[in-house]
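Below: one structure, written as structure tokens.
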Amino acid sequence: MSTATVEIPLEQLINLEKIKKKKINIAIFGHGNVGSHLVNQIISSKEEISRRRDLDLNIFAIANSKTVLLQQNGLSKNWLEEKTESGKKYIPEEVISFAKNNNLQNLILVDNTADSSFVQNYSSFVENGFHLVSSNKIANTLDLNFYKELREKLTSKKRQYLYETNVGAGLPLIDTIKLLHLSGENITRIRGVFSGSLSYIFNTFSEEDRSFSSVLKSAIDKGFTEPDPREDLCGNDVGRKLLILARELDLHNEFDDISIQNLIPKDLRNVSKEEFLNRLQELDVPFQIKKKNQPKDCVFRYVADLHGDLSKETGAILTVNLTSVPKNSMLGALKGSDSIFEIYTESYGDNPIVIQGAGAGAAVTARGVFGDILRISDKEHN
Ligand SMILES: NC(=O)C1=CN([C@@H]2O[C@H](COP(=O)(O)OP(=O)(O)OC[C@H]3O[C@@H](n4cnc5c(N)ncnc54)[C@H](OP(=O)(O)O)[C@@H]3O)[C@@H](O)[C@H]2O)C=CC1
Ligand SMILES: N[C@@H](CC=O)C(=O)O
């Protein structure tokens, strides 16, 4: 006797539309180069992610330093026009209140500013249930007390803080170092060109017959530099990256422990950003002289180095210097805005693990921030 099977379409058994997707509510601070790319990337991938991963990514707040746009049901493609028309002056607490009043769950704060005062809000966001994602490096490079207190707060509130883009932009660097360290691999040295903008500037300046200021301008226009390019040129941005890596290895260093070669002539260090940008040509002669005096077949690289006795909490030596390296060496062969990180460990001996690729740029950085948002989203339970 044969048994007939009747196929009932899945939609008749379950109303798929009624199955609730996990809604992730995101507040984004900063919509400059990185932030605006991020918003557009999220909006254009939203449907695909909803289909593939059952996640509903909802940006309910977007803010710059002046105004915020709050929308319980998320931003549309025209978010910038809408914000320009109906954005309101705000204080960050209003974003927390909005989330509370509208009973929003699965909250993520994304910091795409370079602001040192904004990070003081992290703690109250965590207190109110927000996870943190940040391309801003400041919170990881203030004093160790701030660093530890923030982590204690995160642990007590069971919240996560991801910042993969703090070092190497979109490159998978922090995660790799974290895993190596947590799994007991002894990292003995990390060395490389950590700055995408300075990589671009010195690769181009070494290869092409152009003035330093014109190359610097191109780096600014391409979105590689910090909002104030002096943060790159004075070495602070690279110093911050070095400190972030040191702290990932549980080393007890402060920013002042780093020896940094500042590339800005003294009389341009303390002027306003506008004046600095108007006087860029004053950099041309000093850098042309350096280039002329460089050994044959060598190129400039701005090299960061974390070495010393990394088995001791205070044993690290942290340096950042402009160095002449042979053109045909690994560092000398860098192209474009590539960064390179050589990670030396006990098991790998003299052959370091090498991570190399675009170390700056708004699109790759936004993609890295997006990755951190998805990592947190996947772990949320509601
Ligand atoms: N560009 C890159 O390749 C990379 C950048 N990063 C990091 O990404 C961050 C953003 O860089 P980028 O997008 O180039 O910078 P931009 O200057 O283009 O954008 C910064 C944004 O932050 C906003 N902002 C400043 N202060 C506040 C505040 N207190 N509250 C809310 N918003 C504020 C600014 O608003 P307003 O316009 O009103 O001032 C602006 O929208 C930086 O921390 C940078 O270090 C990290 C890796 C790579
Ligand atoms: N200004 C930075 C951008 C990323 O952090 C760099 O040049 O690497």
Side-chain angles (χ1 to χ4, degrees), residues 27-40 61-69 79-80 83-84 87 89-95 109-122 125 133-141 162-171 173-174 192-203 216 218-245 263 273 302 304 320 334 336-341 357-372:
I28 299 181
F29 291 82
H31 57 79
N33 288 325
V34 175
S36 58
H37 271 82
L38 176 67
V39 174
N40 294 331
I62 177 79
N64 63 358
S65 67
K66 297 164 201 87
T67 59
V68 67
L69 178 67
W79 61 273
L80 195 51
K83 181 169 183 282
T84 310
K89 283 193 176 173
Y90 76 106
I91 52 167
E93 285 73 16
E94 288 168 30
V95 175
L109 158 77
V110 182
D111 177 1
N112 285 321
T113 77
D115 193 22
S116 51
S117 56
F118 182 73
V119 304
Q120 302 298 338
N121 298 303
Y122 283 12
F125 275 92
V133 169
S134 179
S135 58
N136 184 358
K137 305 164 193 95
I138 300 291
N140 283 326
T141 53
L162 297 185
Y163 42 86
E164 182 58 79
T165 54
N166 275 194
V167 187
L171 299 174
L173 187 78
I174 293 192
V193 173
F194 290 12
S195 165
S197 58
L198 293 175
S199 175
Y200 172 83
I201 289 168
F202 287 112
N203 296 343
L216 173 56
S218 307
I220 298 170
D221 293 344
K222 286 173 185 287
F224 295 156
T225 61
E226 291 303 297
D228 183 340
R230 280 176 300 181
E231 283 302 293
D232 295 295
L233 288 169
C234 73
N236 282 353
D237 190 66
V238 173
R240 287 192 190 104
K241 293 176 188 185
L242 198 58
L243 183 61
I244 291 167
L245 295 185
L263 301 179
K273 177 178 160 187
Y302 198 56
V320 179
L334 273 190
S337 63
D338 273 12
S339 288
I340 184 166
F341 300 84
V364 290
T365 306
R367 201 58 77 184
V369 175
F370 199 168
D372 280 346

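It should be emphasised that the depicted structure is a prediction, and the values quoted were computed from it without experimental measurement. One-based numbering along the sequence shown. Counting convention: from 1, in listed order, for ligands and their atoms alike.
The option with the heavy atom closest to atom 44 (C) of ligand 1, from among Lys222, Glu226, His37, is Glu226. Nearest to atom 5 (C) of ligand 1 by heavy atom, out of Ile28, Asp228, Val34, Asp237, is Val34. Selection from Ser65, Gly361, Ser135, Gly168 by nearest heavy atom to atom 8 (O) of ligand 1 gives Ser135.
Side-chain contact check for Ile138 versus Arg240: some heavy-atom pair is nearer than 4.5 Å. Looking at heavy atoms from C-beta onward, Ile201 lies out of side-chain contact with Tyr302 at the 4.5 angstrom threshold. Counting heavy atoms from C-beta on, the side chains of Asn121 and Phe118 come closer than 4.5 Å.
Heavy-atom distances between Tyr90 and ligand 1 reach below 4.0 Å in at least one pair.
Closest to atom 28 (C) of ligand 1, if we only count protein heavy atoms, is Asp115 OD2, 3.8 Å. Nearest protein neighbour of atom 23 (C) of ligand 1, counting heavy atoms only, is Gly30 CA, 3.7 Å. The protein heavy atom nearest to atom 18 (O) of ligand 1 is Asn33 N, 2.9 Å. Here the heavy atom of the protein found nearest to atom 4 (C) of ligand 1 is Thr365 OG1, 3.6 Å. Scanning the protein heavy atoms around atom 33 (C) of ligand 1, the nearest turns out to be Thr113 CG2, 3.3 Å. Protein heavy atom at the shortest distance from atom 41 (O) of ligand 1 is His31 N, 3.1 Å. When hydrogens are left out, the protein atom nearest atom 37 (O) of ligand 1 is Lys66 NZ, 4.0 Å; that is the closest non-hydrogen contact. Looking only at protein heavy atoms, the nearest one to atom 32 (N) of ligand 1 is Asn64 C, 3.1 Å.
Between the CD atom of Gln120 and the CG atom of Asp115 there is a distance of 10.0 Å, given to the nearest 0.5 Å. Phe224 contributes atom CZ, which lies 10.5 Å from atom CG of Asn33 (distance to the nearest 0.5 angstrom). One distance of note links CD1 of Ile174 with CZ of Phe341; it measures 9.0 Å at 0.5 Å rounding.
Of all atoms in ligand 1, listed by their number and element, those nearer than 4.0 Å to a heavy atom of Ala360 are 3 (O). Less than 4.0 angstrom separates some heavy atom of Asn112 from each of these atoms of ligand 1: 9 (C), 10 (C), 20 (C), 21 (C), 22 (O).
Taking the six-membered ring where tryptophan is involved, the planes of His31 and Trp79 are perpendicular, since the angle between them exceeds 60° and thus also 30°. Phe125 and Phe29 have perpendicular rings, their planes meeting at more than 60° on a 0 to 90° scale where under 30° would count as parallel.
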Going through the distances and angles, do Leu263 and Phe202 end up as a side chain to side chain contact (heavy atoms under 4.5 Å, CB included)? CA-CA 12 Å; Leu263 301 179; Phe202 287 112; 3.8 Å; yes
For Asn236 and Glu226: C-alpha separation, side-chain torsions, deciding distance, then whether side chain to side chain contact (heavy atoms under 4.5 Å, CB included) applies. CA-CA 10 Å; Asn236 282 353; Glu226 291 303 297; over 6 Å; no
Side chain to side chain contact (heavy atoms under 4.5 Å, CB included) between Asp237 and Thr225, worked out: CA-CA 10 Å; Asp237 190 66; Thr225 61; over 6 Å; no
Mind running side chain to side chain contact (heavy atoms under 4.5 Å, CB included) on Leu233 and Leu198 for me, showing each step along the way? CA-CA 8 Å; Leu233 288 169; Leu198 293 175; 3.9 Å; yes
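Side-chain contact of Ser199 with Asp338: a donor-acceptor pair under 3.5 Å is absent, judged by distance alone.
Asn112 pairs in a side chain to side chain contact (heavy atoms under 4.5 Å, CB included) with only one of the listed residues (Leu38, Asn136, Val39, Thr365), which is Leu38.
Only the backbone of Thr165 comes within 4.0 Å of ligand 1, counting heavy atoms alone; no side-chain atom from C-beta on gets that close.
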Check each N or O atom of ligand 2 against all protein N or O atoms and list the pairs under 3.5 Å, with atom names and distances to 0.1 Å, one per line.
from     : atom 1 : to     : atom 2 : distance (Å)
ligand 2 : 1 (N)  : Phe224 : O      : 3.2
ligand 2 : 1 (N)  : Glu226 : OE2    : 2.8
ligand 2 : 1 (N)  : Asp232 : OD1    : 2.7
ligand 2 : 5 (O)  : Lys137 : NZ     : 2.8
ligand 2 : 5 (O)  : Lys241 : NZ     : 3.2
ligand 2 : 7 (O)  : Ser195 : OG     : 3.2
ligand 2 : 7 (O)  : Gly196 : N      : 3.4
ligand 2 : 7 (O)  : Ser197 : N      : 2.8
ligand 2 : 7 (O)  : Ser197 : OG     : 2.6
ligand 2 : 7 (O)  : Phe224 : O      : 3.3
ligand 2 : 8 (O)  : Gly196 : N      : 2.8
ligand 2 : 8 (O)  : Lys241 : NZ     : 2.6

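Taking any N or O of Gly223, backbone or side chain, at least one lies under 3.5 Å from an N or O belonging to ligand 1. Of the polar atoms of Gly32, at least one N or O is found under 3.5 Å from an N or O of ligand 1, judged by distance alone.
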